[in-house]
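Contents: one structure, followed by commentary.
Count residues from 1 along the sequence.
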Amino acid sequence: MTQPPHDEPTATSTEELREQVEQTRHELGDTVQALADKTDVKARTQEKAAALKEQTTAKASELTAQAKAKASEAVHSLQERLPDEAKDKAALTAEQVKAKAAQAQQVWQDKAPESVRDNRKALVAAGAAVVAAYVLLRRKKK
């Protein structure tokens, strides 16, 4: 009789061989699937685009939060530096602006055509922005 090679086990049962073949099939299937995934350029591009979009959104949120914090810090710093007289004058001006805005709104309600009134929020916001800019520019000059 011939002897089996020394590096292979001699007592390999049929059941063990079947298990090894089945395991090898699974590994081969996983390998083929991994290769197929690597060659699917469209899917990989979409995955990278989704990851990039997520990173961009996160960075934008972070930068927005930083900008808001800096703006708040700047406002607080400016308020600390302003003399009390300027603060009082700004408060008085703000009250006057609110009163004028209320008066303008009443006139608007009374005289503006209905088709134009539908856009009043945008127009009031624009008017308020113009008044605020005027007040800030006027204050800067003094």
request  = Check which hydrophobic residues are tied to Val75 through side-chain heavy-atom contacts below 4.5 Å, counting indirect links as well, and list them.
outcome  = none
query = For Val32, what are the other residues in its hydrophobic cluster, where any two members join if their side-chain heavy atoms are less than 4.5 angstrom apart?
reply = Leu28
key: Set of residues satisfying side-chain hydrogen bond (donor to acceptor under 3.5 Å, both in side chains) with respect to Asp37, sequence neighbours excluded   = Gln33
key: With Glu15 via side-chain hydrogen bond (donor to acceptor under 3.5 Å, both in side chains) - residues at least two apart   = none
inquiry  = Distance check, rounded to the nearest 0.5 Å: Lys89 atom NZ versus Gln96 atom CD?
reply    = 9.5 Å
key: Value rounded to 0.5 Å, distance of OG in Ser13 from CD in Glu19   = 7.5 Å
Backbone N or O of [Y] within a donor-acceptor pair of the [X] side chain at under 3.5 Å?
X	Y	value
Ser72	Lys68	no
Ser77	Glu73	no
Arg44	Lys38	yes

key: salt bridge (Lys or Arg N to Asp or Glu O under 4.0 Å) against Arg18, all qualifying residues, sequence neighbours excluded   = none
note = Sorted by chain and residue number, the salt bridge (Lys or Arg N to Asp or Glu O under 4.0 Å) partners of Glu54 (sequence neighbours excluded) come out as none
Within 6.0 angstrom of Glu80 CD, more than 12 heavy atoms from elsewhere = yes
Which residues share a side chain to side chain contact (heavy atoms under 4.5 Å, CB included) with [X], sequence neighbours left out:
X	result
Gln55	Leu52
Asp88	none
Leu35	Thr31
Lys59	Glu62, Leu63

query = Which atom pair, heavy atoms only, marks the closest approach of Asp40 to Ala43?
reply = OD2-CB, 3.1 Å
ask   = Tell me the salt bridge (charged side-chain N to carboxylate O under 4.0 Å, His left out) pairs involving residues 23-36, sequence neighbours left out?
value = Glu22-Arg25
